[in-house]
Amino acid sequence: MIQLKNIEKCYQTRAGKNYVLRQINLEIEEGDFVTFMGPSAAGKTTLLNILGMLDGDWEGEYYLYDHAVHDLKPKERLALNKQYIGFVFQNFNLLDTLTVYENLDVPLSYRNIKGSERASIVCDTLDRFGIVGKKDLFPSQLSGGQQQLVGVARAVIANPKLLLADEPTGNLHSSQGEAIMDLFKKLNREGTTIIQVTHNDKYAAYSKRIIRLKDGWMEKE
Amino acid sequence: MATLWQDIRYGLRMLGRNPGFTAVAVVTLALGIGANTAIFTLIDALLLKPLPGVQDPQQLVLVTDNGWASLPYPLYEHLHNSSQSLLGLFASSGVSKRKMKVTGSEEVKAESVWNQPVSGNFFSVLGAPAVLGRMLTANDDRPGAPQPVAVISYDFWRRRFGQDPAVIGKIITLEDVPLTIVGVAPRGFLGFVVGSRPDLWWPIQMVPQVQGWEDALASEGSQWLQIVGRLKPGVAQTQARDELDVIFKRMRLEQADRQRLSDKKRQDFLSHRIELQSAGTGFTWLRRDFLRLLSILMGIVGLVLLVACTNLAGLLLARGTARQREFGVRAALGAGRWALVRQFVAESLLLAAVGGVLGLLLAQWGVRLLANYIPEYGASVLLQLTPDVRILAFTFLVSVGTGLLFGLLPAVRTTRADLATTLKNEAGALLGRASGQLWNKLLVVSQIALTCLLLIGAGLFVRTLQTLKAVDAGLARENLVLFRLDLGREYNASRRAQLHQELLRQLESLPGVRSATLASVLSMGSRGGYFMPNLMTDAVAAKTTRGLHCSGVGVAPNYLQTMGILLLAGRDFGPEDLPTSGAEGRRALRKVILSQSVARSLFGQDNPVGRQLWESGRSESTMEVIGVARDVQHQKLRDKPSTTLFYYVDMEDSDGTFYVRSRGSALSMAGGIRRTVREIAPDVEVTGLRTMEDVVDDQLRQERMLSQLASFFSLSALALACLGLYGILSYAVSRRTREIGIRMALGARRETVILGIMRQGMMLALIGCGLGIILAIGLTRIVSNLLYGVTPTDPLTFAFVSFVLIAVAALASYLPARRAARIDPMVALRYE
Ligand SMILES: Nc1ncnc2c1ncn2[C@@H]1O[C@H](COP(=O)(O)OP(=O)(O)O)[C@@H](O)[C@H]1O
Ligand SMILES: [Mg+2]
């Protein structure tokens, strides 16, 4: 599903080029559940952003299915992002002026889906994640675990093939964290490919593969 | 459609979440858009509204002689009888007030009604059918045999006659001339003169009777009519013009031959030509007086709105930086750039829409205040100020334009953020981006520059008004009241003279009155002296055949004393100077007083008292000088003092003005004056009783309008610009809290911190001020002919405005700077 060949990323600083990713070669199968681990500043977030097509400024080759992402224009990358990818953030990143219901609706609103259909998708998802009762609350009225639940629901609402989660449990208590990981497990079993970043060995154990990064280099599995 | 609705809904919620920001933005916009709408409403009413109740107004054309729209009656007759290219051609005089009585009613006192003499085809050419009875016809206006009839307006019918159908056939008197009401004009029909609402129309052929003006219809020199034609469908305006011009030329030629003019005069006389102007929006002299003023005001309020836009753009830019995380998340969830910009702009447009609606309401109120500045016949004009499609469209377009103007830049800049970075950071960590700051600074600088321009403009207008107010017209304005008498037709010449003399005597004996007099001029007002050409003296006659032109003013005794005009030599008129009646007596040596400049021109350094002068070619007009007075400004303060010759007023004249100088407050005399007149002549009405200061104020109405409105708007702009400066500096301080904390922990002194922040603010203010001055040097020339006593680049005004602007900017910078200096390093460093 994903093939990375020799991905490199650097930032231009006053002192010269500062490489944050070096020679990343990686293949990920459809249905996989991958964890990126590594110390702070290893480049995990950077790699995830590249995979999620939020970052377009890198070198190397990136194939998603048969799309050669490295050859695409920003507009086309955005279209791929819309079609295949869902994001879960460490700090949830819910839009705090919108209710739970409206937060879930946001990704659909960018995807040319009819209004009536959107409403039924949102209701199904609320139901599936057991948050129907919370649909008119604002994020500030939810606990951290509940917020991340909404975050995950929002990430999968448009049926992405690939779920990217950057330290999704970083801001959660352990019990809440486990609930999220159980949810990931379930989603993965239902067919979603998942790539997550975590510092926690227990949560890493939920995944099928662990990839370690250090100073921008990938260690052997 | 659904997404639009959603954008709007979310936008509303965002605005609701920031009530402070929303309130400031909406109020700013409402003021800006309201001011623009108000000025536009006046322009619309004066210039753009098609005549109400008139059929196909676009076919109407106004006939002018070289652009001059007041024409003599014989020209109308000529054009009317000979032209082929028009469906019709009517003539109408101005709308004015006259005394009316309804015959058979209990009411003894006459009421004054707005009325207008019109040619018989007035209504048929305009296409206004009667709702009751019939309109005027050509037969009513038959030359030499007019019918004494009148048509009343629908509104007058309702207001005065309670919509009684029996009004038809009622007889009224207008200035004591009986007229029969034959019809009621359609509802909403206001005639042809914009800003007026005539109650009554009557045949122009009745003018000699009603106005007591015998040769009105025969005089070729009296310009008093507007002539209006309706083009035949398919006939071009130029075609009609050419045809009318031929008729006009033929008539002029015949007149020129008859008058035996000198070559040069003849040439000049024949160079006139007919020009047509589209008249679908009616006619008013106000256009000539106020259009220029209104376009300048439109420019001013446009600039104020621009300042408001710039201000809001700055606020949104600052807020947008704080919202980059939101846009980052939206982008990660699949929002394209366009979707983000749309969301952002939707919010701006919402703000503009709310501002626009409030502005429209505000304008309804504001335009009434503005209309007070526009006078006519001493009363406010009755312009149609209700919003119409054009005004709604104008407000809509201005609002949308405003929303885009202040919304687009922040939208484009905010949504351009680097998503990967935005998402990673907590909100706020990204705020220090240098380019965003640059834009913010540019916006503040342009606000200050525009404000500087506006302030300079306002300063020039204020100085103009002050200078004009301080003009020494040669007479003392305070404690002086003036009034006129409205004499009925029963007052013939001898009764008039008797009344005038008796009244002067009684007034002088009123307690509190210093002196009273009568003069043929309405000083500082609309009536000037009579033209007296070619004054000669022996000395002048020896040198040349052309004498001195001057303005003759008839005055009663005590004129100089009452008006406070300095007598330089000789004496004032006394009762003994009254020209003895009878043809012989009157011709014998009229006594005159000369104004200083006339005396100097005619007699040089010699003492003129006791000398003689006459009008060239009329030796029977010989006059004897009894005194010399200081030069006086009789009419416009802007003009040079007039060269005046005072002669003893003809007491039989019916349109003199009385002047009363009092010891104390001028207006306290009003009651006494009215009582005195009532005692002498119960049937005579005192009109136009006002203080001289009021009359002068009235003359300065346009200047006052400009200086007051320009001051108000430029001060509003100043407030906005300072708010903008304050905002950007406060923002900079909050962003640099940590840095300032570290600096202070390292030993920076409070003064250094304050100076550092203030330097930033003052730099922006100075650059803005400099740009504003450059703009002003380029642009104030546009208004140079509205100025008086100041040049468009008056250094004093420029310096004063710069000083005020910099001082206010310093205050606006000091407040955030002081806050920065209060930062506690320990608290600041614990942040992050
Ligand atoms: N906008 C940026 N400019 C310069 N360097 C950056 C930027 N963003 C991240 N980096 C650097 O890239 C490296 C990797 O960062 P990141 O991928 O966030 O690490 P991780 O998520 O593994 O903690 C770090 O050294 C960080 O300093
Ligand atoms: Mg990270």
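Letters go in sequence order (proteins before strands), and every chain restarts at 1. All values derive from a computational prediction rather than experimental measurement.
- For E59(A), the CD atom is loosely surrounded, since the number of other residues' heavy atoms within 6.0 Å does not exceed 12.
- In D71(A), the CG atom is crowded: over 12 heavy atoms of neighbouring residues, nucleotides or ligands sit closer than 6.0 Å.
- The shortest distance between side-chain heavy atoms of N93(A) and R330(B) does not fall below 4.5 Å.
- Atom CG of L98(A) and atom CD of Q6(B) lie 8.5 Å apart (nearest 0.5 Å).
- Considering every non-hydrogen atom in both F89(A) and A332(B), the closest pair reads CZ-CB, 3.7 Å.
- Other residues, nucleotides and ligands place more than 12 heavy atoms under 6.0 Å from the NE2 atom of H199(A).
- Heavy-atom pairs under 4.5 Å with chain B peak, among D96(A), I85(A), D57(A), at D96(A).
- Note that CZ of R9(B) and CD of E102(A) are 5.5 Å apart. Values are rounded to the nearest 0.5 Å.
- Applying the 6.0 Å contact sphere to CZ of F396(B) captures no more than 12 heavy atoms from other residues, nucleotides or ligands.
- Rounding to the nearest 0.5 Å gives a distance of 9.5 Å between CZ of F87(A) and CG of L333(B).
- Between chain B and the residues L95(A), L48(A), N81(A), V106(A), the most heavy-atom pairs under 4.5 angstrom are made by L95(A).
- For the atom pair CG of D105(A) and OH of Y10(B), the computed distance is 5.0 Å after rounding to the nearest 0.5 Å.
- In this structure, no portion of R342(B) lies under 4.5 Å from any heavy atom of chain A.
- Residues of residues 12-26 of chain B lying under 4.5 angstrom from chain A, judged on non-hydrogen atoms, are R13(B), M14(B), R17(B) in numerical order.
- Atom CD of residue Q343(B) and atom OG of residue S109(A) lie 9.0 Å apart, to the nearest 0.5 angstrom.
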